[in-house]
Amino acid sequence: MGEFSKQLEQVAVLLARAGEGAAEQGGILSGENPVHYSAADPFRLWVIQVVIIIGFTQILALGLGKIRQPRVIAEVIGGVLLGPTAMGRIPHFSSTIFPDAAMPLLSLTSTIGLILFLFLVGLEIDTRMIKRNVKASFTVSVAGLLIPLGLGAALGVGVYNEFIDKSVNFGHFLLFTAVAIGITAFPVLCRILTELKLLDTQVGVVVLSAGVGNDVIGWILLALTVALVNSSAGLTALWVLLVCAGYCIFLLYPVRWGFVWLARRTGSLEQGAPTTFMMTVTLLVVFISAFFTDIIGVHAIFGGFLAGLIVPHDNGFAISLVEKIEDLVSILFLPLYFTLSGLRTNLGLLNDGKAWGYTILICVVAFSSKFFSCGLAALAFGFNWREAGAIGSLMSCKGLVELIVLNIGLQAGVLNAKTFSMFVVHALILTFITTPLTLLFYPSKYRSISGAPPKADRSDTEGKGHAEGKSPHPDSDDLMSRFALVLEKVEELPAAMTLSQLLQPNVNSSTPTLVESTTSATQIAEVLAPAEGGGTPMIPPPQAPRKITVDAIRLMELTHRASAVFRSQEAEALMYNDPVISVYRAFGQLNQLAVSASLSIVSYDDFADVISEHVVNSDTEMLLIPWSRGPTTLLTPPDAPLSPSAAAQSTSAMPGSYGGGRQGRSNPFDGVFHKTTTLDQTDSVVHSEFIRSVFLRCPCEVALFVERGTAVSARSLAPGQRLFLPFFGGPDDRLALKFLVQLCAREGVEARVVYVRKGDLEGGDSRDSEVEGKEGALSPPMSPAMNHLTVAAADTVYGAYNTQTRLSSDTADNLLWEKYTNAEQVSTLPPHARAALSRMTFTAETTPKPLHRVTELVEAEATRVSEAGGRTLVVLAGRSRRMAVESLAAELREIMSRPTQAGAGAGARMGSSVPKTLGDVGAALVARHLEASLLVVQAASASSAD
């Protein structure tokens, strides 16, 4: 009878005993001890065991994850600590928490989880991988099997003579030892390759392909070993092997054909996700397969593994299938199984030099046999010594599969407790050193990308010629044409499309329309006036449309889930099937944007590094980061204040809504400064940290578009777009002004620019001033520029600049302002700039409270736009975290304390992450809940006027 069947029988006996007497129904109220094991109600102790096991493994995984160690190490170490090695030495701990009578139920639960896990392992194996670099992969796989198998069998002779009872069959033990030394942990290997970003390298391709073959052959040898051990005679073992082989053929061909046909028939393959019926069929196939392999004398896990091999990988079907069950398996079932391995490990049995000597020998033989055989095979195929060292280190990984093999050996009686502990220590050590050795041999600067999977797909190649040049200087008249756009979520598409549409001028531009200006519109009109002696006005002639290229950087988070690892392996196909990339590419075609796409699946902490690296490699001039509007909630608590936009939506509720009730909508920062019904309170803080990391590390200009204002309505259909820029000065504001001129080159886009300067006036009223002259107090002295870590997240604190840098920056501000407002200089600008300036209004104001005045101007501008039925106002602002002209922190705190329509002092509870992310101007507008989207820009450090 198989191991799985024995566990079922033990549980049935326990349940039968439980039915012999009636249990007390009062529970702890009747004085029962929930920790005491009761056959009538084993669930109580089972829950306690599960909570302790999961708690231990999660705490250990947090620490070990910081040094890039696989989760399985935390699970096994947690079991070792809970077992007789550590906590088992506490009096009555093991007999109370893990009594022998309760172990059958825990073992059965863990075995069910192990069957599902091996099903996921089978899903990971894609035979198409073997075709990639076939010769090198085959050679590495064969060398990594034959030599370790031989040395493992030789090692087994010494271990058998010293530690194994002679009643154990010598041949069976040697075969088992050979398999334990020769097998490679393919699931852990995939995880390590993904975390180290090696999947698309030559090393990753070879190791993954060799690991597939190594894993399959290892499981076949293990099935052979189990069949021999469980059979009473050689003829019985032969029958077991023949039946197992026949079942494999039956499952891999007729059953697989039927499974694929059913998946197509139910539409699961077409949708890329299993239906409920298809999920039911899949689970039945898994457990029936496990049951069959168990009753014929092979372990039940082989049935689960074989069931995973029949699932098709087309259209992301396998990934979606994994997502349905992976959390339950990885969080609950797997920790139980590997903790049981730790409970069976007693390091106290390794109490003499001979035991530790053989443990070290096992580690040396297992590592050296894999490392040198696979490394030399790689050298023979032209890999350099670093690549060969990385291949040898990766192929020596043990992990999950090794521990499964050891547990099978212990259950079969081939291993005793002492040798089991020795092999567990060897598995932990080899798994632990895999990642450090790989990084030592093969750091990122020496990696070569495999030519097989293309990382980008350009739909238009005309813009590639620009990559040879440099980014235009911020004070030049050259337009930026190479943009990179970050796309993380599908919710960011509306904001990304809104911003991208502004980048592309109209192909057939009509005559620009003059915008009335209080300061310089008359001067600009003179440039466009009729020439002396009559004739037609000097209207800028139509120009050929600029070729704008946008490189969409699609980011997906690499989590600890198996589906994330599967997705990273299929990134090549996923890039063509991803809905976010497909939708944005179609948008680019409709708007004549040359869109390229790249996809990266990395951990969330690595997002900023991936973006920075991509920007450098693609020679991007400006990085665009869209920040989408928060989720809409239909029901709002009666006492919850509404934002102005939500109030506007409530008063204009569409017919058919819930009685025209209150409809609250959050913006990305609502959850930061007050509690509402928003669903993204935590996400907004985390995303703020990500954005600040990008601002800190990105070497090019960065523009953050925060989409706020009303949701989709009739206003969104308005043809024009109104922009507003409060200009304070400094490199970020100069970039904002230049970018504004570029955006206004699109017909229908109008803008107003206000030069805001701080000055003491009687009565505190602001007044218009001439553009000549520029006053302003310096910021308080600060330390030199440095990277500063705060509680919120990584941020950058910049010091105040000295007299020379101040004069240089002030001069650059005045020259740029004069360039766009002086009639003589405007006449020398390119046609696109003159056309854009004809749609812009320039004014200058002096006020003792610049932020207050800016919020008043934006509020008035937003009201006019709303009354006119135009699109939501977009406010451009420099982030001004570096070389800011004024220190506005005190005034920002005053604005935050003022009552708003959203409630008294609603901004007072705004977190520190908002001004750190958006700067003081952007934070003030958010704190006032103004109906306007934000476009916050930061200039590259090389382009600042120092």
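No hydrogens, no waters, no symmetry mates; every other heavy atom, side chains included, goes into these values. Just so you know, these numbers come straight off a predicted model, no measurement behind them.
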Nearest 0.5 angstrom please: Leu269 CG to Asn315 CG, how far?
7.5 Å
My understanding is that only residues two or more places apart in sequence, or in another chain, count here; which of them pass side chain to side chain contact (heavy atoms under 4.5 Å, CB included) with Val50?
Trp46, Ile54, Leu332, Leu336
For residues 423-433, which side-chain donor-acceptor pairs fall under 3.5 Å, sequence neighbours excluded?
unit_1	atom_1	unit_2	atom_2	d
His426	ND1	Phe423	O	2.9
Thr431	OG1	Gly399	N	2.8
Thr431	OG1	Ala427	O	2.7

To the nearest 0.5 Å, what is the distance between OG1 (Thr57) and CZ (Arg71)?
5.5 Å
Would you indicate whether Asp100, at its atom CG, is surrounded by more than 12 heavy atoms from other residues, nucleotides or ligands within a distance under 6.0 Å?
no
Approximate separation, where rounding is to 0.5 Å, of Glu326 CD and Thr559 OG1:
6.5 Å
Taking only distance into account, with no hydrogens and no angle test, what donor-acceptor pairs under 3.5 Å do side-chain atoms of residues 245-260 form with protein atoms, sequence neighbours excluded?
unit_1	atom_1	unit_2	atom_2	d
Tyr247	OH	Ser289	OG	2.8

Atom pair CG (Asn169) and CD1 (Ile164), whose distance is rounded to the nearest 0.5 Å
12.0 Å
Which residues pass the side-chain hydrogen bond (donor to acceptor under 3.5 Å, both in side chains) test with Trp261, not counting sequence neighbours?
none
Return yes when atom NZ of Lys166 has more than 12 non-hydrogen atoms of other residues, nucleotides or ligands closer than 6.0 Å, and no otherwise.
yes
Applying ring-ring contact (aromatic ring centres under 6.0 Å, His included) as the test, list every pair that has at least one member in residues 148-169; sequence neighbours left out.
Tyr160-Phe170, Tyr160-Phe173, Phe163-Tyr358
Salt bridge (Lys or Arg N to Asp or Glu O under 4.0 Å) filter on Lys324, not counting sequence neighbours, yields none
